[in-house]
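To start, the structure under review is shown below, and the notes come after it.
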Amino acid sequence: MSQRAPQERTIFPRKRHDDYRVGVVYPAPYAVGMSNLGLQWLLRQCGEAPGFCAERFFLEPRGGGRARSLEEGKNPTEFDILAFSVSYELDYPGVLRFLHQAGIPLAAAERDRRHPLVLAGGAALQVNPEPLAPFMDIMILGEAERTLPEFLAAYRDSRDREELRERLAGRPGMYIPAWTEPVYGPGGGLVRLAWSSDARPPRGAAPEVASPPLPADQLGAIEPPFSNIVTPDAEFADTLLVEIARGCPMGCRYCWAGHRYLPLRAFDAGRILALAESARGVTRKIGLISTAVCQYPDLDGLMDGLRAMGFGIGVSSLRMSDITPGLLERLVEGGEDTITLAPETGSPRLRRAINKCFEEDRLLDCARMAAAAGLGRLKLYLMAGLPGETEDDLAETVRLVGAVADAFRRAPAAHPRRRSVSAAVSPFVPKPRTPLQFAPMDNPAVLKRKLRRLVRDIGQLGVEVSAGSVREAALQWRLAMGSRQTAEPLRRLALGESGIEDFLAEPPAWQPQPDAGGEIPPWSVWSWGLSEDYLRREWRRSLRELASPPCPGAPGCRRCGICGPGGA
């Protein structure tokens with residue numbers, strides 16, 4: 001039993017024994033994994049399904065030996081299924097290190113019934129599953145509320161793995177990499193995906209995986225993902241995290257999550273309040289999670305209900321156009337002390353190009369409202385290396401940060417207090433399934449120089465500033481844009497046979513181009529309906545520095561291809 005367990009508090013107790021054991025693996029440290037809703041949801045669903053029980057594994061940075069499960073101290077090889085929750089591209093090497101340390105062959109083709117079935121899903125694989133595909137027996141793509149129960153039922157009812165594959169092949173969201181063969185063109189893009197010679201799919205089934213979003217009424221009717229286990233050792237310590245809505249309508253051209261989870265859909269307020277009621281004896285702090293918190297229908301009513309139960313409330317970053325004095329006052333009453341805003345850049349020209357549309361006066365008003373409400377800390381998220389960025393654009397960012405800091409510090413408040421401003425500057429990383437997937441990543445040397453300038457000039461304003469790693473950003477980009485041809489360099493990197501510089505020196509699997517001569521992105525092995533034509537149109541609008549309106553969320557809208565005639 002882990003020494004962490006006594007620090008944990010559980011809302012709904014877990015099932016300890018059943019026919020099949022699932023090892024739920026988060027390939028990163030405990031503190032990160034326990035603040036991840038994907039891991040918490042997967043653990044609860046696998047542990048509650050008839051016939052299954054579940055335990056956790058993490059990959060600690062100083063752990064060189066075989067991991068043991070947190071709950072019972074078991075080896076990974078004692079489990080029937082190892083289910084990886086993969087949220088970030090930089091966790092890919094950790095997946096392979098975990099398998100290697102457990103003595104499990106990395107390649108799916110080298111495993112048999114003596115080994116656990118290796119399953120993977122999670123946010124990063126929703127964007128591009130291909131770099132990890134050769135290492136996985138099955139990948140769960142699409143919204144797991146639909147696909148995971150079907151997988152578990154098929155596993156329970158199958159006599160062997162061959163029958164399991166036959167049951168799952170061609171089903172929405174079920175990807176069996178070994179049964180498909182991608183054919184790449186000279187540019188590294190996908191020319192076609194074919195069934196492999198030993199595949200036995202249903203008659204007429206396409207090798208490409210499709211999994212449209214759950215309709216709003218179906219998603220709203222189910223239990224929202226939440227952190228069933230709270231702990232002081234998580235990044236969000238002693239906090240009940242609850243997803244209140246999925247999707248964001250704003251269409252920021254760099255944001256993969258905004259495009260992946262369209263259209264905007266909300267979970268039922270009654271279910272959220274019922275979860276909070278069940279957690280009252282476990283924690284008094286709740287975090288509302290969404291890419292568009294303020295788009296939640298009757299957010300004020302939900303927050304009032306949580307406050308009436310005695311919860312302190314925190315939220316993920318707020319969109320400037322939705323901030324009101326009342327919203328900020330509710331956060332302060334619930335014990336929140338920090339507001340996070342994401343202007344990304346001070347350049348109006350670049351904001352139009354990335355479709356991050358706001359007026360500077362509105363940002364300054366939000367800073368003043370935050371101070372007036374009694375918030376003591378303001379944090380800004382910024383990016384460097386955006387397509388077409390110039391030295392003048394960097395100067396605009398520094399000027400904007402100074403204006404926001406002055407507005408926040410000097411604003412009158414009923415209860416004056418010391419206020420602090422911080423800024424986090426991240427290197428821009430082009431991501432698949434976004435209009436900016438066609439943009440090149442900035443030259444590393446140029447990007448480092450830009451970050452040094454921003455850190456220096458923003459720091460001179462009395463603002464605490466941090467900058468992300470250019471090296472890690474470059475690795476993230478190459479992994480995000482990878483194909484199955486990325487798998488072997490990834491294996492060498494994960495096992496320490498090569499370093500990050502060696503990996504980055506490898507030729508890119510594919511550099512996206514708007515007109516690729518018959519080749520499509522390597523990640524086109526699966527789709528939730530988002531149209532490549534839409535991404536190309538938005539890329540061209542970005543080059544012309546033209547903003548686009550938000551997603552209308554209307555049934556039958558065909559703008560991006562997700563909703564189609566019936567609407568999602």
Donor-acceptor list for residues 83-97 side chains, cut-off 3.5 Å, not counting sequence neighbours:
from, atom 1, to, atom 2, distance (Å)
Ser87, OG, Asn36, ND2, 2.9
Glu89, OE1, Lys431, NZ, 3.4
Glu89, OE2, Lys431, NZ, 3.4

Quick one: does Leu382's side chain get under 4.5 Å of Val465's, heavy atoms only? no

Side chains of Met481 and Pro508, heavy atoms from C-beta outward: is any pair under 4.5 Å? no

Give a yes-or-no answer on whether the side chains of Glu55 and Ser69 include a donor-acceptor pair shorter than 3.5 Å. yes

How far does CZ of Arg471 sit from CG of Leu447, to the nearest 0.5 angstrom? 14.5 Å

Could you state the interatomic distance from OH (Tyr254) to NZ (Lys356), rounded to the nearest 0.5 Å? 3.5 Å

Sequence neighbours left out, what pairs pass salt bridge (charged side-chain N to carboxylate O under 4.0 Å, His left out) with at least one residue falling in residues 23-37? none

With salt bridge (charged side-chain N to carboxylate O under 4.0 Å, His left out) as the rule and sequence neighbours excluded, what pairs involving residues 110-123 come up? Arg111-Asp137, Asp112-Arg114

Is a side-chain N or O of Glu538 found less than 3.5 angstrom from the main chain of Pro435, in a donor-acceptor match? no

Check for a donor-acceptor pair, side chain of Arg537 on one end and backbone N or O of Arg559 on the other, with a separation under 3.5 Å. yes

Between Phe57 and Phe98 (judged by ring centroids, cut-off 6.0 Å), do the two rings come close enough to count as a pair? yes

Heavy atoms of other groups near Arg192 CZ, more than 12 under 6.0 Å: no

Between Tyr175 and Glu130, does the side-chain hydrogen bond (donor to acceptor under 3.5 Å, both in side chains) criterion hold? Intermediate values first, please. CA-CA 11 Å; Tyr175 186 31; Glu130 288 301 270; 2.7 Å; yes

Pi-cation contact, Trp528 with Arg260 (under 6.0 Å, within 45°): yes

